[in-house]
Amino acid sequence: MNVALFGFMGVGKSAVGQILAEKMGLGFVDLDEEIVGRAGRDIASIFREDGEAAFREMEKEVTRDIAARDHQVIACGGGAVLDGENLRRLRKGSTMILLTAEPETILGRVEAEGETRPLLTRGNRIERIRSLLSARQPRYLKAADFVVDTSGKTPEQIADEIMGFLQAVNAA
Ligand code: S3P
């Protein structure tokens, strides 16, 4: 069984995923990192040079390969689960954990990380986050087995909360 962490950009999927994997003795894989490794370019370059559609194709290929493996925590890029095929593949072998955060928190985190999010480089960032988030939130919620609000919590606390849920489910 895998644990898939998903949700909007900047909610802490990678940071939480690494801690969770360590605590649970599982492998850790970040879908975006996997794409970057295979393409030999960062995400911003892929979007700029090949466009979003090409990125989504790479994301699909990587999701297919990773979802077929076992015993790992998977940090999904924010758009990965919005594709029906990706979601089906992930759901098959993974408990699906949605991480959420307020738009202001997301903005603070993505700004701290610099210009790495091609979907947030145009226009007013907070407005862009709000509109993308409200368009995505219903689909995120529908895909989730468990939802963790990350506001005011450390990655460590979030990882503990997820472990509590997984233990309760396995004990049931
Ligand atoms: C995206 C999220 C990014 C990355 C790409 C597109 C999205 O991943 O896959 O920029 O559509 O939400 P993070 O969620 O890890 O930032």
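Each ligand, and each atom within it, is numbered from 1 in the order the structure gives. All values below were derived from every heavy atom in this structure, side-chain atoms included, with hydrogens, water molecules and symmetry-related copies excluded.
The hydrophobic cluster containing Val11 also contains Leu107, counting ILVMFWY residues as joined when their side-chain heavy atoms lie under 4.5 angstrom apart, directly or transitively.
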Run the side chain to side chain contact (heavy atoms under 4.5 Å, CB included) test on Tyr140 and Val81 for me, step by step, so that the C-alpha distance in whole Å, both residues' side-chain angles and the decisive distance to 0.1 Å come before the verdict. CA-CA 8 Å; Tyr140 281 158; Val81 303; 3.9 Å; yes
Please walk me through it: do Asp30 and Lys13 pass salt bridge (charged side-chain N to carboxylate O under 4.0 Å, His left out)? CA-CA 9 Å; Asp30 185 304; Lys13 294 161 291 191; over 6 Å; no
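Crowding of Gln137 atom CD: a count of heavy atoms from other residues, nucleotides or ligands under 6.0 Å exceeding 12.
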Write out each pair where an N or O from ligand 1 and one from the protein are under 3.5 Å apart, with the distance.
from     : atom 1 : to     : atom 2 : distance (Å)
ligand 1 : 8 (O)  : Asp32  : OD2    : 2.6
ligand 1 : 9 (O)  : Asp32  : OD1    : 2.8
ligand 1 : 9 (O)  : Asp32  : OD2    : 3.1
ligand 1 : 11 (O) : Arg56  : NH2    : 2.7
ligand 1 : 11 (O) : Gly79  : N      : 3.4
ligand 1 : 11 (O) : Arg136 : NH2    : 2.8
ligand 1 : 12 (O) : Gly79  : N      : 3.3
ligand 1 : 12 (O) : Arg136 : NH1    : 2.7
ligand 1 : 12 (O) : Arg136 : NH2    : 3.4
ligand 1 : 14 (O) : Lys13  : NZ     : 2.4
ligand 1 : 14 (O) : Gly78  : N      : 2.8
ligand 1 : 15 (O) : Asp32  : OD2    : 3.1
ligand 1 : 16 (O) : Arg117 : NE     : 2.5
ligand 1 : 16 (O) : Arg117 : NH2    : 3.2

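Ring geometry, Phe146 versus Phe165: the interplanar angle falls under 30°, so the pair is classed parallel (tilted spans 30 to 60°).
The side-chain contact (heavy atoms from CB on, under 4.5 Å) test applied to Glu85 returns Lys60, Asp83, Arg88, Arg89, not counting sequence neighbours.
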